[in-house]
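Here the structure is laid out as structure tokens; the discussion comes afterwards.
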Amino acid sequence: MEGKNPKAAKGFTAKVSGDEYEPYIAHDSNVKEFTVRAVIIGCVLAMLFGAANAYLALQIGMTICASIPAAVIGLAVLRGCFKDSSVLENNIVQTVGSSGEALAAGVAFTLPALLLLDIDVKIVTVFVIAAVGGLIGCLLMVPLRKFLIKDEHGKLPYPEGTACAEVVVAGHEGGSNARLLFEALGLGALYKFLTDGVAVFPYTIDLPLKGYLKGGAVGMDYLGSLLGAGFLVGPRICAMSLAGGVLGWVVIMPLIFSIGSMAPELVIPPADIPIAQMDIWDLWTNYIKYIGIGSVTMGGFISLFTALPIIVKSFRGTFAAYGQKEENVKRTERNIPKKVLLIGIIILLAVIAFLPVFPSVAAGSVGAVMVLIFGFIFVAVSAHLVGYVGSSSNPIVAMTIGGLLVTAVLFRAMGFNGTSGIIATIVVGSTLCIAIGVSGDMAQDLKTGFLLGATPRKQQYGQMIGILASAAVMGAVIIMLNDVYGIGSEKLPAPHANMMKSIAEGVMTADLPWPLILIGMGIALAVWLLGGSVLPFSVGLYLPFHLSATMMIGGIVRGIIDKKKYDEGTKAKKIEKGTLYASGLIAGDALMGVVVTALLYVGVDMTGILPSTDNPFIGGLGFCVVIGIFAWVIFSRKQEDKLEGRDLKM
């Protein structure tokens, strides 16, 4: 029997210490948890969300936490097919299922840089690097669990982990929010099918500026994933990102073009054509992109500097918390045994050292040491930060750049300054990025488990199984996307992978455009001194304006909820509806993108089946319909009444 504690479900966000908190399922209860069916369902979800988020990362440069969608879908499957499912079994489903998104972020942000270098990447290579990085992230998170999840309970809210626990409990107590998620998933998939599958209308619009601002532009990408992402990250983050886009596309680009117009033959490296002959995308590629890289890099340094107290606090708490004897620990506090943890880390580091992608075992050993040192530091920072800002705002790219730069300098000092050095640097950076992303997701999942009364050891093993399942498909997905569209193309610009390639290549060849990078660093420093959010601003400066503009619409919808004078229960319900619908839009968009790509890969091209137009304003009208439905779901009282019986909690 489940030893339910009804007070826990109502007190997930109560400000009590970890020692005082009573989980939803008591620690001495014997409840189904780590079952074969839960693991299988979780692995299927891990592969689906991994593929979808790999596509998102390459298209828009971000991924979205999959814990809540995995929990909702898992709940629907378990309750629909098995009458004896439990809360803790559903928790294993979401733990295993959400690991695919975390792995996809690290892989797709970095490893495609090898494809951009025209290197023949094998599926097995992607699998090994993804699996090693993901497992290291899991293992390094284990000793941090007690301090961050239990001892800091009441101080670190872990928003996605807490919301996920509430969704699971609400579902098992009679509520059901799967229908809302699936409706949104269907809408996102349908709109993606119209724009990508049959190409009824364009999904993007460019509006070049004229007059004194010639050379600049504004625009928008009509993507349901961006609309949903904007709602999830909120209006402030969206506004900071858009501010970076405005500075780059409405200020700096017109300024550069104006200077070039005064000297028609002027060529400024890294460009090889006169500025006066450039269009907006030439200006962005040759100048704004590098200014953005400098800004993101400085943002990473600032984040690490401000996180020093977190690092020290995490280390102290970790070593103190991991000194207990296993036999004295309750079920709800049992981690992976220390021997398994130590042996696992040693084996994974040995695998890194002997990877054939390194020019020598010595270089591989240096890479393994870099992964261990930076991995432990960044995993601690990541797992702590997501407790405040959530996994979707985890600055994994900024932290990866820090490790990438140090590794590149070390490899160059060792004499590996050609293609072999670039490859080795990217592999180390990729392993770090994967470990950082996985640790952030695992922290949220362990928080969900702590609130529900799960066994940490079973969640940790479940996360590792999910990592291996999603790693098995990651290489095939990325190579398929590259074969169909080309990584780095307009369809899949792979912004973060391009950044990693530029940094590694620039350090190794001593050919970075330092003036532009230093300008970006100075801009980021100014934003920080003004009290702004540096990383969202810097990412907005680096990415095309079109992405931030669409996200801002979702942010505005969220901002209206935050500003309106709803009572606490109504506001919570609207935020949850918006979160579920936004997650569904993102998942539908990305999954349909992968399906369309797979069809093209096997030779099935559906473009031309329906009448089409090249007019981007028609696409804008279609996107307005999606925005209208999204807003109606959130704000319509009629829709709210229909959902009243579902016991949606937040």
Side-chain angles (χ1 to χ4, degrees), residues 4-25 64-72 74-75 87-88 90-95 97-99 101-102 141 144-173 175 177 181 231-234 332 382-394 439-456 459 463 558 561-562 568-569 571-580 582-583 646-650:
K4 295 180 182 178
N5 172 21
K7 292 182 180 179
K10 298 177 181 178
F12 285 160
T13 58
K15 300 291 183 180
V16 297
S17 70
D19 290 325
E20 295 173 331
Y21 175 75
E22 297 180 25
Y24 184 71
I25 303 296
I64 301 299
C65 180
S67 294
I68 292 176
V72 172
L75 179 63
V87 166
L88 298 188
N90 193 190
N91 181 56
I92 289 296
V93 172
Q94 73 85 17
T95 298
S98 65
S99 61
E101 172 270 326
M141 179 60 206
L144 291 165
R145 188 206 66 84
K146 182 178 182 297
F147 170 66
L148 291 178
I149 306 303
K150 180 185 175 183
D151 296 350
E152 292 290 285
H153 181 66
K155 301 174 186 176
L156 291 176
Y158 285 98
E160 287 133 339
T162 301
C164 191
E166 289 166 338
V167 166
V168 171
V169 169
H172 277 270
E173 289 185 349
N177 39 33
L181 181 72
F231 183 91
L232 294 179
V233 302
T332 51
S382 172
H384 204 127
L385 280 179
V386 298
Y388 290 110
V389 302
S391 298
S392 299
S393 300
N394 191 6
S439 65
D441 173 72
M442 191 171 180
Q444 297 285 3
D445 291 340
L446 288 171
K447 186 64 174 184
T448 302
F450 172 77
L451 296 172
L452 295 176
T455 308
Q459 280 192 277
Q463 183 94 7
R558 176 62 180 267
I561 298 175
D562 294 339
E568 195 170 312
K571 179 175 287 190
K573 184 172 292 188
K574 289 186 182 298
I575 290 175
E576 172 137 0
K577 285 193 294 182
T579 298
L580 287 169
S583 299
R646 300 184 186 180
D647 194 23
L648 293 174
K649 303 177 185 176
M650 191 69 179

Drop me the distance from Q444's CD to Q94's CD, to the nearest 0.5 angstrom.
10.0 Å
Worked verdict on Y158 versus F450 for ring pair (Phe, Tyr, Trp, His ring centres under 6.0 Å)
CA-CA 11 Å; Y158 285 98; F450 172 77; 10.0 Å; no
Could you list the residues that satisfy side chain to side chain donor-acceptor pair (under 3.5 Å) with T95, not counting sequence neighbours?
Q459
Taking only residues two or more places apart in sequence or in another chain, which ones pass side chain to side chain donor-acceptor pair (under 3.5 Å) with T448?
none
Residues that T455 engages under side chain to side chain donor-acceptor pair (under 3.5 Å), provided they are two or more places apart:
E33, R331
Is the backbone of R145 close enough, under 3.5 Å, to the side chain of K150 for a donor and an acceptor to pair up by distance?
no
Any I25 side-chain heavy atom under 4.5 Å of L452 side chain:
no
Rounded to the nearest 0.5 Å, how far apart are OG1 of T332 and OH of Y21?
10.5 Å
Rounded at 0.5 Å granularity, tell me how far CD1 in I68 sits from CD in E166.
9.0 Å
Side chains of R558 and I575: does their closest heavy-atom pair fall under 4.5 Å?
yes
Side chain to side chain donor-acceptor pair (under 3.5 Å) between D445 and S67: does it pass, once the steps are laid out?
CA-CA 7 Å; D445 291 340; S67 294; 3.1 Å; yes
To check you understand the geometry: which heavy-atom pair defines the closest contact between G387 and P159, and what is its length?
O-CD, 3.6 Å
Contacts of type ring-ring contact (aromatic ring centres under 6.0 Å, His included), residue F231, not counting sequence neighbours:
F630
Using side-chain heavy atoms (C-beta onward) and a distance below 4.5 Å, is L75 in contact with V93?
no
Nearest 0.5 Å, please: how far is CG in L451 from CG in L446?
11.0 Å
Closest contact, heavy atoms only, G440 versus V386:
O-CG2, 3.7 Å
Approximate separation, where rounding is to 0.5 Å, of E101 CD and S99 OG:
9.5 Å
Nearest atoms (heavy-atom pairs only) where G453 meets L88:
O-CD1, 3.7 Å
For A383, side chain to side chain contact (heavy atoms under 4.5 Å, CB included) partners two or more places apart
M141, L148, A443
Approximate separation, where rounding is to 0.5 Å, of M442 CE and K447 NZ:
15.0 Å
According to side chain to side chain donor-acceptor pair (under 3.5 Å), who are the partners of N90, at least two apart in sequence or on a separate chain?
none
